[in-house]
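Here is the structure we will look at.
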Number of protein chains: 2
Amino acid sequence: MSAAAAATFAALGEPNRLRIVELLRDGPRPVNAIVQALGLRQPQVSKHLRVLGESGLVTAEPVHRQRIYRLEPEPFDAIAEWTESFERLWDARLDSLGDLLASLDREPGTDDGHRDPPSPRR
Amino acid sequence: MSAAAAATFAALGEPNRLRIVELLRDGPRPVNAIVQALGLRQPQVSKHLRVLGESGLVTAEPVHRQRIYRLEPEPFDAIAEWTESFERLWDARLDSLGDLLASLDREPGTDDGHRDPPSPRR
DNA sequence: CTCTTATATTCCTGTCAAGGAATACGTGAA
DNA sequence: TTCACGTATTCCTTGACAGGAATATAAGAG
């Protein structure tokens, strides 16, 4: 899940692609509507849409001579789920820091990687 | 909101940075612990931590000779909020293509009526 | 002060990605 | 068929970014 999440984040990390996604949040759009709404050039929009499509964020449906792009829910669900795994941590972080330090400050040199995670549970 | 979101997504879009973030989810860590846990080289980890810090995803607290890195909640809250603005759209997915397929797999719900399809004509 | 440990920074290099421009492709209309 | 429109692809150039290697900085131990 992490590898796919990285690809999704990378696709959304480009500002113009993020603008496209946020525009499509208001409803499906043909390419030309995106071009005009965002003031980008048509080839760049097509290229961005391709990247978004390869990440599963959008799909296209051909209608007439146009291709109507729309958002797909799965990647957003994945992001939401991923983010939720962090949201549960913020209330349980007061005093574990001191314990952590003592356990991690080990003898150097011959240390070959043995470490014990301090107390990741709350 | 969007501009900062793009920066956050970009920071998380790098696979090794995402691994670092997911490691820190289990608790704060000094740099060397990240190096050993992920099998990366120390300079690269420091560089990634710098990027993560510039996006506000992590902060460091100096203790002894080490710097303990931890996640910061704000960017995750921002991502969650951003994602929620999309999660409310999926139930309104009745459109021309959907209607064709709907006769096959549509499950009859309690919706006698028909929700307003967002057809943003322009 | 000197040495060591932990981390950060710099330089270099290769790769990849985004924008611009031009063009190719596909499909409906005449 | 030919034309026009909507969209996709290709080529090119430039800039950003990640990894490797070496080194610099900070601070505690002796």
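Residue numbering restarts at 1 for every chain, and letters A, B, ... go by the order of the sequence lines.
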**Asked** What does nucleotides 25-30 of chain D look like as a protein-contact string, B for base, S for sugar-phosphate only, - for none, at under 4.0 angstrom between heavy atoms?
**Response** ---S--
**Request:** List the protein contact pattern of nucleotides 11-20 of chain D with one symbol per nucleotide (5' to 3'): B for base contact, S for sugar-phosphate-only contact, - for none; contact means a heavy-atom distance under 4.0 Å.
**Result:** -------SBB
**Asked** Between B:R50 and C:dA8, is there a side-chain N or O to OP1/OP2 distance below 4.0 Å?
**Response** no
**Asked** Does OP1 or OP2 of D:dG6 have a side-chain N or O of A:Y69 closer than 4.0 Å?
**Response** no
**Fill in**
dist B:E72:CD -> B:L24:CG (nearest 0.5 Å) comes out at 11.0 Å
Over how many whole Å does the gap from [X] atom [atom1] to [N] atom [atom2] extend?
X: A:I20; N: D:dT7; atom1: CD1; atom2: P; result: 13 Å
X: A:Q66; N: D:dA8; atom1: CD; atom2: P; result: 11 Å
X: A:R19; N: C:dA18; atom1: CZ; atom2: C1'; result: 15 Å
X: A:R67; N: D:dA8; atom1: CZ; atom2: C1'; result: 8 Å
X: A:L38; N: C:dA18; atom1: CG; atom2: P; result: 16 Å
X: A:F9; N: C:dA17; atom1: CZ; atom2: C1'; result: 20 Å

**Request:** List in chain and number order the residues that pass side-chain contact (heavy atoms from CB on, under 4.5 Å) with B:A60, two or more places apart in sequence or in another chain; answer none if no residue qualifies.
**Result:**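 With sequence neighbours excluded, B:A60 shows a side-chain contact (heavy atoms from CB on, under 4.5 Å) to B:R67, B:Y69, given in chain and number order.
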**Request:** Output all residues satisfying side-chain contact (heavy atoms from CB on, under 4.5 Å) with A:A80, sequence neighbours left out; order by chain, then residue number.
**Result:**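 For A:A80, the residues satisfying side-chain contact (heavy atoms from CB on, under 4.5 Å) (neighbours in sequence not counted) are B:T83, B:E87.
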**Request:** Please check if atom CD in A:E74 has more than 12 non-hydrogen atoms from other residues, nucleotides or ligands closer than 6.0 Å.
**Result:**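 It does: A:E74 CD has more than 12 such atoms within range.
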**Item:** A:R50 atom CZ, neighbour heavy-atom count above 12 within 6.0 Å
**Value:**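 No, CZ of A:R50 has 12 or fewer neighbouring heavy atoms, counting only those of other groups under 6.0 Å.
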**Message:** For a quick test of reading the model, state the closest non-hydrogen atom pair linking A:P15 to B:A6 and the distance between them.
**Reply:** CA-CB, 4.2 Å
**Asked** Can you find a donor-acceptor pair, distance only, under 3.5 Å between A:Q42 side chain and D:dA8 base?
**Response**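 Answer yes: a donor N or O sits under 3.5 Å from an acceptor.
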**Request:** May I have all residue pairs that pass side chain to side chain donor-acceptor pair (under 3.5 Å) and include part of residues 12-21 of chain B, sequence neighbours excluded?
**Result:** B:N16-B:R19, B:R17-B:H48
**Request:** Could you tell me how the ring of B:W82 sits relative to the ring of B:F9: parallel (under 30°), tilted (30 to 60°) or perpendicular (over 60°)?
**Result:**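 Judged by the thresholds at 30° and 60°, the geometry between B:W82 and B:F9 is perpendicular.
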Show me the side-chain donor-acceptor pairs of residues 37-46 of chain A shorter than 3.5 Å, one per line, residues at least two apart or across chains.
unit_1: A:Q42; atom_1: NE2; unit_2: A:S46; atom_2: OG; d: 3.1

